[in-house]
Amino acid sequence: MSNTPAGDRSITRSDLLKSWFLWTMFSHSNYNYERLQATGFAHSMVPIIKRLYGGDKEATRAALKRHLVFFNTEPEIGAVIHGITIAMEEEKANGAPITDTAINSTKSGLMGPLAGVGDTLTQGIVLPLLLALGISITGLSTTNTTGDLTGIKGNVLGPILFLVLIAIYSLSLTYFSFMQGYVQGRKLVTSVFKSGLIDRVIVGAGVLGNLVLGGLAAKFITIYLAFDVQIGAQKVRAQQDFLDKIMPGILPLAFVLFTWWILKRGLHPIKLLVIYLVICILGAVPFMGPAPQWITDQCGSSILQPYGPCADPVAK
Amino acid sequence: MKRPTLTRRGSRAATALTLFASTLIVAIGFPSVASAFSRGDVATAEITSVSLIQAILIGLGYYLSQSPWLVGLGFFTLYRPLVAGFIVGLIMGDPGQGALIGAAINLIYLGFISAGGSLPGDPALAGWVGTTIALAGGLNYGAALALAVPLGLLGTVIWNARMTVDSIFVHMADKAADEADIGGVVRANIMYPQIFLFCITAVPVTTFVYLGTKFITDLINGFPIWLLSGLAICGGVLPAIGIAMNMRFIFRGSAAPYFFLGYLGIVAGGAQMSIMVLAIVGVALAFLHVTLLGDRVSQHAVQKAPSGASNGGGSE
C-alpha cells in the first residue's frame with residue numbers, strides 16, 4: 001500500500017466486524033450444488049464493497065461479480081480467506097495493480113487446503129469430542145443395560161454444556177481467523193503451515209479423539225450372542241464360555257473395526273444402517289423353539305440377545 | 001472442484017429416493033406385515049399426544065437447525081440430536097428424558113461429517129422427529145434408534161432438494177450483480193432461499209409430527225415381542241456406525257493405538273470409568289505424544305479428508 005491516497009478508501013474496524021458477522025451468520029444461507037457458498041461470500045463482502053466502491057456503480061458491479069464465483073471452504077478456519085481478500089480489495093481500491101484473477105486465484109487456492117484442515121479439526125475431532133462429553137454427562141450409558149428409557153431422567157447439563165462450548169469454539173475461531181487473515185495476509189497461512197503448529201494441534205487432538213472414541217465404543221456398542229453349542233455332553237455358551245474368556249468385550253471391538261473397514265471401502269453409511277437394522281431383526285427371530293422373553297434367564301433360540309448375555313441356566 | 005452436472009444430480013436424487021423407499025419398506029412395511037400375522041396382547045405404553053402448538057415449535061426448531069438466524073450456529077447446536085432432543089423435551093415437558101433420547105440418537109450420527117456439499121444422512125431430522133415420536137410413544141432405546149434410521153435418510157431428500165433449488169437463487173444474484181444492485185444480491189442470499197427452506201422443512205415436519213406420531217407409535221407399540229427385542233439389539237449395534245464414521249477421519253497413523261487404549265480403559269474400569277475421566281487422561285497423553293514426536297509431527301498429521309471432502313472441501 002505504497003501509494004495509498006488516505007481517507008475514505010480504507011476499511012474501518014466496524015466494516016471488518018460487519019463483514020465477519022455476515023459471514024458467520026449467512027455463510028450457508030444459500031448453500032447450493034452449483035456454486036456452494038458463492039452468494040454467502042458475496043454477501044459478507046457487502047460492507048467492504050460499500051466502503052471501497054460506494055457510489056461507483058461500475059466498480060460495485062465488478063466487485064459483486066468478482067465475489068459471486070464458486071466458493072466453498074470450512075467456515076471457521078476458512079475465514080482467513082475473507083481477511084486476506086479484504087486486504088487485497090483494499091489495496092486494489094487504492095490503486096495497487098491487483099487483477100481480478102489474482103484475487104480469485106488467492107481465494108480458490110486457499111479454500112481447498114483450509115477446508116481440509118478445518119473439516120478435520122472441527123467436524124472430525126472437536127465436534128464429536130464435545131458431543132461425546134455431552135452424551136456421557138447426560139448419563140445415557142446407565143440406561144443401556146435395561147433399554148427402557150421411560151421414567152429415567154437424563155442430566156440436561158450435557159446438552160447445555162455442549163451448546164455453550166461449541167458456540168465459544170466456533171465464534172472465537174472464526175473471529176480469530178478472520179481478523180488475523182486481514183492483518184497478516186497471505187504470509188499468515190504459509191507461516192502457520194510451516195511452523196507445524198497446525199500439525200501439532202491435529203496430531204494431539206487425534207490422540208485425544210481416538211482415546212475418547214475407543215471409550216465410546218466400549219460404552220455403547222453391545223452385542224450378545226445367544227446360542228449354545230453342544231460339545232459332547234457339555235453345553236458351551238458362545239458368549240460367556242468362549243468369547244468372554246478370550247477377552248471381555250472382544251465382540252463389540254471386532255464389530256466396530258469391521259464397520260470402520262467396510263465404511264472405509266466406500267459403502268454408504270445409511271445403506272449400512274439399513275443392513276444392520278435388518279440383521280438385528282433377523283437375529284432376534286426365534287427360528288426354532290420358544291420366543292424370547294424381555295430378559296431371558298437362559299439362551300433362547302434366537303441368534304442375538306438384547307440387554308446382556310443370557311444367564312446361567314436356572315437349576316430346576 | 002468438480003461441479004456436479006445435471007445428470008449426476010439426477011442420479012443422486014434417484015439413488016436417494018430408492019434408498020428411502022427401500023428403507024420405508026424395511027423399517028415400516030416389513031414389521032407391520034409381520035405384526036399383522038403375529039400380533040399378541042402387548043401392553044401398550046401410555047401415549048402422549050402432540051398438540052398443534054408443540055408440533056409447530058418442533059417444525060420451527062428443525063427449520064432453525066439449518067437456517068442462519070442463530071448467528072450461524074444452528075449447524076453446530078440445533079442440528080445435533082443431543083441438543084434437538086433436549087429442546088424437544090422442553091417443548092413436550094420432559095427435558096431430562098428428551099436429552100437422553102437425543103443423546104441415544106446422536107450416537108449413530110456421531111461421525112456423520114458433511115463436506116463438499118454432500119450429506120451422508122440428516123442427524124437433525126432424526127433428532128427432532130425421532131425424539132418427538134420416542135417421547136410421545138414411550139419407546140425403548142432400541143426402537144428410538146431404529147426409528148432414527150429412516151428419518152436420517154428422509155432428511156437427505158430434503159437436503160438434496162434444497163441444494164438443487166438454491167442454484168436458482170445464485171442466478172438471481174448474478175442478475176442483481178449485473179445491475180450493481182447490492183440489495184438484490186443480499187435478498188438472493190437470504191430471503192428467497194430461507195423462504196424456500198422454511199417451506200420444505202418446517203411445514204412438512206409440523207404436519208408429520210402432528211398427524212403421524214400416533215400412527216407410528218401405535219405401530220411400534222403393537223410389534224410382537226421378538227421384533228421389539230430385535231429393535232433393542234439395534235440399540236447396541238447401530239452406534240457402531242456413528243463411531244466408525246468418525247474413525248474414518250481420525251483412526252489412522254500413530255494416533256490409532258489410543259483407540260484400543262480407550263476401549264480397554266472403559267472395559268477394565270467398568271461403570272466407574274466415565275468418558276470425562278478418559279478425556280482428561282487423553283489431554284495428558286496427547287501432550288506427551290506430540291512432545292515425543294517433536295519435529296516428526298508433520299509426518300503424522302492427518303490432513304487428508306476422506307473421499308467425501310475431495311471436491312473442494314467445506315462443511316455443512
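Proteins come first, then strands; the chains are lettered A, B, ... in the order of their sequence lines, and each starts at number 1.
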Less than 4.5 Å to any heavy atom of chain A: does that hold for the side chain of [X], its backbone, both, or neither?
X	value
B:Leu145	neither
B:Val170	both
B:Asp181	backbone
B:Ala188	backbone
B:Ala256	backbone
B:Leu261	both
B:Phe260	side chain

Regarding A:Asp56 and A:Arg61, does a basic nitrogen lie under 4.0 Å from an acidic carboxylate oxygen? no

Should A:Lys65 and B:Asp174 count as an ion pair when the cut-off is N to O under 4.0 Å? no

Which region of [X], side chain (C-beta onward) or backbone (N, CA, C, O), has a non-hydrogen atom less than 4.5 Å from a non-hydrogen atom of chain B, or is it both or neither?
X	value
A:Leu272	both
A:Phe258	neither
A:Ile137	side chain
A:Leu263	both
A:Ile160	side chain
A:Thr174	neither

Cut-off 3.5 Å, side chains only: do A:Tyr33 and B:Asn160 have a donor facing an acceptor? yes

is_close_aromatic(A:Tyr31, B:Phe75), centroid dist under 6.0 Å: no

Compute the ring centroids of A:Phe26 and B:Trp69, then answer whether they are less than 6.0 Å apart. yes

Chain B contacts, top residue of [options] (heavy-atom pairs, under 4.5 Å):
options	result
A:Leu253, A:Leu257, A:Asn155, A:Thr24	A:Leu253
A:Leu127, A:Leu129, A:Leu121, A:Ile223	A:Leu127
A:Gly204, A:Gly249, A:Pro128, A:Gly215	A:Gly215
A:Leu163, A:Val212, A:Leu131	A:Leu131
A:Pro252, A:Gly266, A:Ala205	A:Pro252
A:Leu133, A:Leu22, A:Ile125	A:Leu133

With side-chain contact (heavy atoms from CB on, under 4.5 Å) as the criterion, how do B:Phe287 and B:Val283 come out once you've worked through the C-alpha distance, each side chain's angles and the decisive distance to 0.1 Å? CA-CA 6 Å; B:Phe287 188 74; B:Val283 172; 5.7 Å; no

Just so I know, are the side chains of B:Tyr192 and B:Met172 near enough to count as touching, which here means a heavy-atom distance under 4.5 Å? yes

I'd like to check A:Val156 versus B:Phe86 (side-chain heavy atoms, cut-off strictly below 4.5 Å). Are they in contact? yes

Closest non-hydrogen contact found for B:Gln66 with B:Leu197 is O-CD2, 3.7 Å

Sequence neighbours excluded, which residues qualify as side-chain contact (heavy atoms from CB on, under 4.5 Å) partners of A:Ala42? A:His67, A:Leu68, B:Val185

Are A:Glu76 and A:Ser170 close enough, and set up right, to give a side-chain hydrogen bond (donor to acceptor under 3.5 Å, both in side chains), and what steps lead you there? CA-CA 6 Å; A:Glu76 271 78 40; A:Ser170 170; 2.9 Å; yes

B:Asn189: partners by side chain to side chain donor-acceptor pair (under 3.5 Å), with sequence neighbours left out: A:Thr39, A:His43

